[in-house]
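Throughout, residue positions are numbered sequentially from 1 according to the sequence presented.
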Amino acid sequence: MRFLLTTASCAVLAAACSSNVSGPGRGKTVASTSIPGAGGSASGGSVSGGSVSGGSVSGGSGNVGNAFSCETASGAAPGPRRLWRLSPSEFSSTVGDFVQGRRAPGAPSAGLPGNLVNPLIPTQSLYSTDSGFQTVTKDEFGQAYGVTLEVANQLVQTLKVGSCWATDQSEACVKTLVQERGSILLRRPLSDEEATKYTKAFTDARTELDADTALSTALQTILLTPYFLFKPEIGGPAVAGVVTLTPHEVGTQLSYSITGSPPDQLLWDAAGRGELVTPGQISTQVVRLMGSPDAHGSRNFVTEYFQLRHLLDVQKQLEVDTRTSPCPYDRSRMVAQAEALVAEVYTTSSTNRFFEALFTTSAVVADCGSESIFGVSGAPPVTAAPTKFTAPAGQRAGFLTHPAWLGLKAAREDTKPMKRGEFIYEEVFCQNIPPVNLNAVPVLPETTELTMREKFAMHTGVDCVGCHSILDPPGFAFENYDVVGAYRTTASSLNKPIDATGTLSMDPAFGDVAGLSFTNGVDFSVKLGASTTVQECVMKNGFRYYMGRKEIAADSCSLSNAKAAYQPAGSYVDFVASLAGSDSFLKRSF
C-alpha cells in the first residue's frame, strides 16, 4: 500500500514540477510536465502549457486596441491550451461530489467532508479562476496527500449503502465504482485502460489488506492523479494549429465557472451525448445553470470584482470598541451581508440591466450590528439571518457605496481616498495608473485641523499632479463615508462639511465619462452605472473571470458579440451564454 501511494504521489509531483507551463504575471516560469491525454477522444494527446497570452487577470486595461471590434480579431490566433489548477473552493466541491455522488440539477455540493482542512492556498490574483496559477507547492501537496486517506475511507463507508459494494466486493464491482466516482473526480469518462489500472491497485492491495482498506487504497490513487488537481485543455484533432475543446472539457469549464463545482447530472449527460458543441446547445445549459440556486460561480464574479472579501484583511477600531456589545461590528458578518446583497441583485436583475444595478441598487442587507452603519433600524440580532432594507434616500447606490467595499479601501483610522480612486481608475475604467516617483511625494501633515481633502491639496506639485488629477475626483467622491463605510456629512471631530463633489479628467481614454461632474458618491455611482465605458470595463472583467485570463486581440469579436447579446435587456445570463459559445471559450492554439 505504501509503495502504491508513493508511486502515485511521485506522478503528481512530476506533473506539477517538471516541463513547460509558464504562469503569467507570477514573476517566474514554473516547470511542469506535459500530461498525456487519457481516455475518450483525447487519448494520446498532451498539454503543453506555454505562456498564457493576455497575462494575469488582475486590473488595468490589457494590451488590446479596440477590445470590442471584430476587426481587431481578424487573423489573430486564439489563446493557447492551458493547464488549470483547481482553486481551493473547486477542490472542496469536487471532493464533496466524489464522496456523495454526482449531483442532481440545482443541488449544492457537499463540500470537503468533516473537519478536513483544504490543502490548497488561494491565488493572489484578482479572480480565483485565474488560469495562470499552475503549481502545487510542496506544503500543499503534503497536506493533500494527508487528506486523501480520510476522503477515501469516508467514501468506502458511503459505498456500503446503495452501491454494489454493499453485497459484492469483487474486482468487477471495484471497476464499476472506479469508473463512476473517477469520472466525477476527473470530469471525463475514464478509459478502460485507466479503470483497469486503478482496479489493479485494489487487487494488489487485497493480497495484504482487507477489502475495505484495499478499496480505499484504489480510491486514493485516483485522488493523487494530476488529472484531479489540474484541468488540462487537450481538445480534439488540430486544424491549422487550432483545437476545439471536447464536450467534457466544455462542460468542466462551464460548470466550474457558473456553479463552482463539477458538472451535475444533466450537464454530464449532455456532454456524453456530444451536445456541448454548438452555441445554441451551450446557451441552453448556461441559462439552466445560471437560473439554478447552484449558480455560486456567477454570483462570485461580483464578489471578486468588488473585492468584497478583502475587508477581512483590514482591521477596524470599531470592531474592538463594540466587542462586548450585543450588536457588535464584525467584518466577517459585513462580508456575508455584502454577499447576500450580491445574491439579491442577482435574483432580481440577472436578466435586466444587471451591470447597471451593481452601481445603482439602494437595497442593503443588515443585522443589528450594521444597522447604524447603513442608517436603518429594526434589524434582527446578530444571531439571526440579516434582513433586506432600502437605504435612506441619497446614501447608498450599489457596491461602491457598500460598507464592505468602502471599509476594505480604507485603513483602520484613515479613509484612504487614493485607494478608492485607484480602484475606480483601474477596475471601473480599465485604465493603468501612470508611473509615480514616490521619493518626490511629500508626506501628509499629521494634523486634526484639516479634512482629508485639504491635506491632499498639498500634492499639487509636478511629481504629484499626474496621479492626483485622475485619482482625487473619484476617490473624494466617497468622503461621505468613514473608515467602516458609515454615512456622514461632516469630517470626524471637525465641524467642517464634507466636500464630495468632483469632475473627472477630460482624458479621452475615459470615454463617455471624461469630464463627468458629480455631487457625491451616490450621484457618481449612479452615473457610472449608466456609462457605456464602465459597462464595457465590467464586461472585460467578466471575460477575465470566465476565461481565466486577460483578453487578447483574438477575443475582440467574442467580446463584441457578448456586448451585443447583453444590450437589448441588460442580461448577464445572455452575456455569459454568448461568451461560453464563442471561439474564445471553445478554441485553443498550440
Thinking salt bridges, do D555 and R549 make one under a 4.0 Å N-O criterion?
-> yes
Would R544 and D130 pass as an ion pair if we require N to O under 4.0 Å?
-> no
Are the aromatic ring centres of F91 and F228 under 6.0 angstrom apart?
-> yes
is_close_aromatic(W84, F133), centroid dist under 6.0 Å | no
Assess the side chains of N300 and Y127: does a donor N or O sit below 3.5 Å from an acceptor N or O?
-> no
Flag, side chain of S292 to backbone of G106, donor-acceptor distance under 3.5 Å | no
Using atom types as modelled and distance alone, determine if a side-chain donor or acceptor of S283 lies under 3.5 Å from a backbone N or O of P279.
-> no
Hits for salt bridge (Lys or Arg N to Asp or Glu O under 4.0 Å) against R288, two or more places apart or cross-chain, chain-then-number order -> D264
Spell out, as yes or no, whether a donor-acceptor pair under 3.5 Å connects the side chain of N541 to the backbone of C537.
-> yes
Would T94 and Y256 satisfy side-chain hydrogen bond (donor to acceptor under 3.5 Å, both in side chains), going step by step from the backbone distance to the final call?
-> CA-CA 10 Å; T94 305; Y256 278 124; 2.6 Å; yes
Hey, can you tell me if Y572 and F575 have their rings parallel, tilted or perpendicular (30° and 60° cut-offs)?
-> parallel
Interatomic distance, SG@C164 vs CG@L159, rounded to 0.5 Å, equals 8.0 Å
The complete set of salt bridge (charged side-chain N to carboxylate O under 4.0 Å, His left out) pairs with one or both residues in residues 85-111, sequence neighbours excluded, reads R85-E140, E90-K231, D97-R103, R103-D294
Under a 4.5 Å cut-off applied to non-hydrogen side-chain atoms, are S170 and V174 in contact?
-> no
So H248 and W268, would you call those rings parallel, tilted or perpendicular, with 30° and 60° as cut-offs?
-> tilted
For Q265, does the CD atom have more than 12 heavy-atom neighbours from other residues, nucleotides or ligands under 6.0 Å away?
-> yes
Does the gap between the ring centers of F355 and Y566 come in under 6.0 Å?
-> yes
Indicate, with yes or no, if the rings of Y305 and F399 have centres closer together than 6.0 Å.
-> no
Between the side chains of S556 and E551, does any donor sit under 3.5 Å from an acceptor?
-> no
About how many Å separate NZ of K197 and OG of S191, when rounded to the nearest 0.5 Å?
-> 8.0 Å
Identify the heavy atoms of L190 and S183 that sit nearest to each other, and give their distance.
-> CD1-N, 3.4 Å
Applied to residues 572-590, the salt bridge (charged side-chain N to carboxylate O under 4.0 Å, His left out) test, sequence neighbours excluded, yields E233-R588
Please answer whether the main-chain N or O of Y346 pairs with a side-chain N or O of S350 as donor and acceptor at a distance below 3.5 Å.
-> yes
Under 6.0 Å between ring centres, would you say that holds for W405 and H310?
-> no
Carboxylate-amine/guanidinium contact E171 R206, below 4.0 Å | no
